[in-house]
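These notes concern the structure reproduced below.
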Amino acid sequence: MLALALFAPALLLAQAQADAPPKATPVARADEPGAGDDMVRGRTDKVSDPEIAKAATQETATPRRRSIPFDGHTLAYTVTPGTLTIRNDEGEPIASMFYTAYTLDAAKGGKPRPLTFMYNGGPGSSSMWLHMGSYGPMKVDAAGLEQHPGAPAHLQPNPNTILDRTDIVFLDAIGTGLSRPLGKATGKDFWSVDGDLDAFARGIERYLTVAKRWNSPKFLLGESYGTTRSGGLAYLLESRGVRLSGVTIMSTVLDIPLLFDPTVDQAHINALPTFAATAWYHHRLASPPADLAAQAERARAFAIGPYAAALAKGDRLEPTERDAVATQAAALIGVSPEFMIRSNLRPGPDRFRKELLRDQRRTVGRLDTRFDGIDADAGGNGPEFDAANEALSGAFIAALNDYLFNDLGYRTPLTYRPNFYTSIAPAWDWKHKTPGGGRQMAVNSSVDLSQAMRQNPRLKLLSLNGYYDLATPFAGADYDLQHMELEPTLKANITYRYYASGHMIYIEPGAARQLRTDLDAFYDDATR
């Protein structure tokens with residue numbers, strides 16, 4: 001890993017000429033504690049602990065001109081980190097939502113450029129992962145499966161950016177990144193399914209107003225819990241008059257109980273094809289097919305057929321049938337039949353991650369099962385950490401802070417929170433009010449998404465999932481989408497794509513290139 005991003009000389013010159021924000025758009029920080037000449041790039045001597053600082057009610061914007069080499073020419077753009085003040089129905093400020101916008105100059109007399117709002121999930125994650133890794137003009141050089149150092153982190157021009165197709169706005173959920181509650185509001189006002197949806201809807205509406213983009217084709221792109229959010233947002237925005245052209249859901253979970261509840265058989269059915277893909281990658285199969293997709297489809301057919309039928313029988317399952325299913329499943333996912341029987345045919349992701357490479361004293365990752373880790377206790381029931389998360393986090397965190405506070409020169413006394421799980425996760429309220437007025441005890445936003453597609457029959461949906469993702473298995477994403485009770489004409493608006501990658505599809509160079517191709521086709525279809 002190199003100390004700094006290595007740009008072409010012309011790009012370095014362009015950056016040097018853009019050190020100060022344009023005079024017409026000064027940064028407004030006067031009402032923020034600690035703001036002043038003594039504050040340099042996110043630090044101030046007057047505030048010893050940045051976390052006691054308060055977000056400003058006054059909105060900020062720090063535009064910078066930048067360019068990257070792209071597809072044989074130069075892609076020039078404006079990057080603007082800033083804040084949006086979210087107000088309640090009485091006009092009182094309740095939150096400051098941090099964003100980073102990337103925009104190209106619109107051609108005079110041309111059509112309005114598409115605008116895509118992007119965010120990660122958690123709940124409790126900032127948009128750092130998508131911002132630094134996926135579709136913006138700059139990305140972390142985190143290709144491959146090796147352990148990446150936390151610093152120096154190498155940012156480089158992104159050859160697969162979609163900025164030439166759509167302007168991009170990365171949004172941080174309240175309590176993460178630099179987004180904070182304001183006034184009498186507290187974090188818990190936003191740390192729920194519906195509180196989060198309302199904040200994002202208000203933030204998007206505010207950006208459309210501030211940036212004068214109401215007439216642009218509008219898109220959402222969420223990852224992980226961000227897909228759950230997108231399902232709810234698609235309907236909520238539609239009900240508020242914000243009509244979307246398209247929604248992209250990546251590493252998807254819409255029905256939360258079907259992902260996390262081990263007492264629900266469908267959760268085990270959804271996970272089994274990912275187990276099979278993982279066993280194929282780690283060479284744990286006696287007779288592996290040559291093709292990953294073939295292995296995944298073979299496992300999917302077994303999962304929704306004999307495996308699902310066996311689980312549905314519960315205690316009525318005869319021992320001979322149990323043994324036969326255990327043998328078939330074991331051959332597909334690279335473990336022993338005895339392990340499947342001991343697990344009552346329901347091993348679950350954690351036990352599988354520990355078992356697959358137990359004889360090598362290795363575990364496999366959760367976010368990406370191609371990564372392997374080493375536990376202190378090789379005899380335990382589950383991994384002691386997620387090898388994929390630990391391999392990548394340091395590089396992304398270092399890159400984001402260096403880019404935002406040093407390169408872009410954004411000023412704030414706040415500390416950027418890549419995540420805030422320790423506070424948000426325990427406080428999160430999973431209940432959700434559905435479009436019909438019902439109350440779900442745990443959110444299933446496929447209900448919202450299907451209603452949005454009925455009300456807006458032109459809405460296009462792109463589903464992107466990695467074969468090696470055990471955080472949100474690809475078969476579970478498909479199950480959620482295929483149970484939305486859509487008419488055939490609306491089902492035709494959904495496109496499914498799969499990649500030889502994990503949760504963060506974009507860290508895989510080949511998958512990132514294919515993502516770009518698939519998104520090109522999606523935007524063409526949604527804006528024609």
Side-chain angles (χ1 to χ4, degrees), residues 5 11 14-30 32 35 41-42 55-68 70 74-86 95-106 112-119 126-128 130-132 134-139 155 157-158 161-173 176-180 200 202-216 218-221 399-412 414 416:
L11 178 57
Q15 291 180 340
Q17 293 171 340
D19 283 341
K23 293 181 180 179
T25 54
V27 182
R29 310 301 298 179
E32 187 162 290
R41 294 178 180 178
T57 300
Q58 190 170 357
E59 292 176 331
T60 68
T62 309
R64 296 284 194 261
R65 294 290 294 172
R66 292 290 187 267
S67 64
I68 60 168
F70 179 76
T74 298
L75 186 66
Y77 59 90
T78 298
V79 50
T80 306
T83 59
L84 302 164
T85 298
I86 298 173
S96 175
M97 178 173 277
F98 182 74
Y99 71 93
T100 307
Y102 294 88
T103 58
L104 298 187
D105 294 336
R113 279 176 52 79
L115 178 64
T116 304
F117 295 94
M118 297 190 187
Y119 35 79
S126 71
S127 65
M128 175 189 72
L130 284 171
H131 189 182
M132 292 288 94
S134 64
Y135 307 111
M138 302 296 295
K139 73 178 297 184
L155 268 182
N158 185 1
T161 181
I162 60 172
L163 184 57
D164 64 321
R165 305 303 300 267
T166 174
D167 292 339
I168 303 169
V169 181
F170 294 99
L171 298 171
D172 286 338
T176 75
L178 297 175
S179 296
R180 300 290 189 273
F200 269 84
R202 291 177 189 267
I204 288 171
E205 290 175 287
R206 180 59 183 163
Y207 183 86
L208 295 175
T209 297
V210 170
K212 300 179 174 63
R213 297 299 297 269
W214 277 94
N215 209 33
S216 296
K218 293 170 278 292
F219 291 80
L220 303 178
L221 192 156
L400 185 283
N401 280 277
D402 185 64
Y403 175 66
L404 184 61
F405 299 124
N406 294 334
D407 183 5
L408 300 184
Y410 188 75
R411 295 183 176 185
T412 175
L414 300 173
Y416 191 93

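These numbers come from the heavy atoms of this one structure, side chains and all, not from hydrogens, waters or symmetry mates.
Atom CZ of F219 and atom CD1 of I168 lie 12.0 Å apart (nearest 0.5 Å). To the nearest 0.5 Å, atom CG of residue N401 and atom CG of residue N406 are 8.5 Å apart.
Nearest approach of Y99 to V169, heavy atoms of both residues: CB-CG1, 4.0 Å. Of all heavy-atom pairs spanning M138 and Y77, the tightest one is CG-OH, 4.1 Å. Between S96 and T83, the closest heavy-atom pair is OG-CB, 3.5 Å. The heavy-atom pair separating R113 from D164 by the smallest distance is NH1-O, 3.5 Å. Of all non-hydrogen atoms in L220 and Y119, the two that sit nearest each other are CB-OH, 3.6 Å. The two residues M97 and L171 come nearest to each other via the heavy atoms SD-CD2, 4.0 Å.
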Original post:
Can you check side-chain contact (heavy atoms from CB on, under 4.5 Å) on L178 and L404, steps first, answer last?
Top reply: CA-CA 11 Å; L178 297 175; L404 184 61; 3.9 Å; yes

Original post:
Would T116 and Y135 satisfy side-chain contact (heavy atoms from CB on, under 4.5 Å), going step by step from the backbone distance to the final call?
Top reply: CA-CA 11 Å; T116 304; Y135 307 111; over 6 Å; no

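You'll find the side chain of E205 stays beyond 4.5 Å of the side chain of T209, heavy atoms only. No side-chain heavy atom of Y102 sits less than 4.5 Å from a side-chain heavy atom of D167. Counting only heavy atoms from C-beta outward, the side chains of F117 and Y207 approach each other to under 4.5 Å. R206 places none of its side-chain heavy atoms less than 4.5 Å from the side chain of T85. Between P137 and N158, the closest side-chain pair of non-hydrogen atoms is not below 4.5 Å. Counting heavy atoms from C-beta outward, T62 and R411 have side chains that stay 4.5 Å or more apart.
Side chain of T166 to backbone of I162: no donor-acceptor contact under 3.5 angstrom is found. No donor-acceptor pair under 3.5 Å is formed between the side chain of E59 and the backbone N or O of L84.
Remark: T78 engages P63, R65, T80, T103 in a side chain to side chain contact (heavy atoms under 4.5 Å, CB included) (not counting sequence neighbours). Take D172 and apply the side chain to side chain contact (heavy atoms under 4.5 Å, CB included) test, not counting sequence neighbours, and it matches F98, S126, S127, T176, S179, Y416. With sequence neighbours excluded, the residues forming a side chain to side chain contact (heavy atoms under 4.5 Å, CB included) with S216 are P112, L115, R213, listed by chain and number.
Ion pair D407/R64 not flagged as a salt bridge, since none of the NZ, NE, NH1 or NH2 atoms sits closer than 4.0 Å to an Asp/Glu carboxylate oxygen.
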